[in-house]
Amino acid sequence: MAKGILKVKAKAAGDKTKVKLMAKHIMETGLRTDKKTGEKIPEMYLKELKVMHGGKEVFAANMGTAVSKNPYFAFNFAGGAKGDELTMTWVESTGKTATETAKIK
Amino acid sequence: MSMNRRSVVKAIAAGGALVGASVLMPRIALAAWSEKAFSAEDQATAMNELLGGSPEASAEVTLKAPDIAENGAVVPVTVRSTLANVESMSIFVENNPTPLVVEFMVPAGTEADVATRLRMGKTSNVTAVVKADGKLYSASKEVKVTIGGCGG
């Protein structure tokens, strides 16, 4: 698989897991124009993101174009232990999709 | 020549398969992304399309955002709620071209406490809407944006 766009820091703390997640993505809104050509830059942004832990959904986001460049999310969920794997699936507005994994530390 | 032709045919077949997968997979894999809500140009319409109603203000929803955002391209926002059975949390920026920014699903077991970063075109009210037990609650805050400024 191609190198992922997600940077995930997941840390088990007591009975819960703290997750900080950043996606490296330009989040092009489709509203900007190219200054040289005067043409609109087509939109290209992340639409959906889902995080699974042990087959259970722990977080999901449906995003619009007003999410900042390199979208960042922080959340906590109950359960999860060091060494467990998180599975993240994202979908871009172009229809491109990928699944990435990260370990809880 | 024949080798060439073969590799071209193979490449086309592989490409076709990839395109097919990328078109079909997202629809099956993830929860619905509301086209109408995300393209709505005023806040009330966006809320109605996404959540099917308008929320009432509640002290049990906390929206943490800066008073003044120096850079509208990155505005850090945290939404918290002490309500029970939170299903989803959404963030709206009233004066953005499309007010709906993001909708978070909060499954059971996940805390109703999410931090993210938004884009804001200009000074606007930011509203967080929390859906809990089928009802809608909200909290708002005005964030001043100084675009391209060097400090507020």
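Below, chains carry the letters A, B, ... as their sequence lines are ordered, and counting in each starts from 1.
- If you measure heavy-atom distances from B/Pro97 to chain A, the contacts under 4.5 Å come from the side chain alone.
- With rounding to the nearest 0.5 Å, the separation of CE in B/Met89 from CZ in A/Phe75 is 11.0 Å.
- No other option in B/Val106, B/Val74, B/Val77, B/Leu118 has as many heavy-atom pairs under 4.5 Å with chain A as B/Leu118.
- Of the atoms belonging to B/Val114, heavy atoms from both backbone and side chain fall under 4.5 Å from chain A.
- Inter-residue side-chain proximity for B/Thr98 and A/Thr65 is flagged as met; some heavy-atom pair is nearer than 4.5 Å.
- The nearest pair of heavy atoms linking B/Arg117 to A/Asn70 is NH2-O, 3.8 Å.
- Only the side chain of A/Leu31 comes within contact range of chain B, with heavy atoms under 4.5 Å apart.
- For B/Met105 against A/Asn62, the heavy-atom pair with the smallest separation is CE-ND2, 3.3 Å.
- A continuous path of ILVMFWY side-chain contacts below 4.5 Å connects A/Phe77 to B/Leu83, so both sit in one hydrophobic cluster.
- Contact annotation for B/Val93: neither backbone nor side-chain heavy atoms come within less than 4.5 Å of a heavy atom of chain A.
- In terms of heavy-atom pairs under 4.5 Å with chain A, the best-connected choice from B/Ser88, B/Pro107, B/Ser90 is B/Pro107.
- Around the NZ atom of B/Lys144, the shell of radius 6.0 Å holds no more than 12 heavy atoms that belong to other residues, nucleotides or ligands.
- To the nearest 0.5 Å, the span separating OG1 on B/Thr110 from CG on A/Asn76 amounts to 9.0 Å.
- Chain B forms the most heavy-atom pairs under 4.5 Å with one residue out of A/Met27, A/Lys20, A/Lys56, A/Glu92, and that residue is A/Met27.
- Relative orientation of the B/Trp33 and A/Tyr45 rings is tilted, given thresholds of 30° and 60° on the angle between their planes.
- Only the backbone of B/Ala108 comes within contact range of chain A, judged by heavy atoms closer than 4.5 Å.
- Both A/Leu21 and A/Ile5 belong to a single network of hydrophobic side chains, linked directly or stepwise wherever heavy atoms of I, L, V, M, F, W or Y lie under 4.5 Å apart.
- For the set A/Ser68, A/Ala78, A/Gly79, the entry with the most heavy-atom pairs within less than 4.5 Å of chain B is A/Ser68.
- Using a 4.5 Å cut-off between heavy atoms, A/Met22 touches chain B through its side chain atoms alone.
- Nearest heavy-atom pair, A/Val67 versus B/Arg119, reported as atom, atom and distance to 0.1 Å: O-NH1, 3.5 Å.
- The minimum heavy-atom distance between A/Ala66 and B/Asn96, with the atom names listed, is CB-ND2, 3.5 Å.
- Summarising the geometry, atom CG belonging to B/Leu100 is positioned 12.0 Å from atom CE belonging to A/Met63; distances are rounded to the nearest 0.5 Å.
- Taking every heavy atom of both residues into account, B/Phe104 and A/Ala61 meet most closely at CD2-CB, 3.7 Å.
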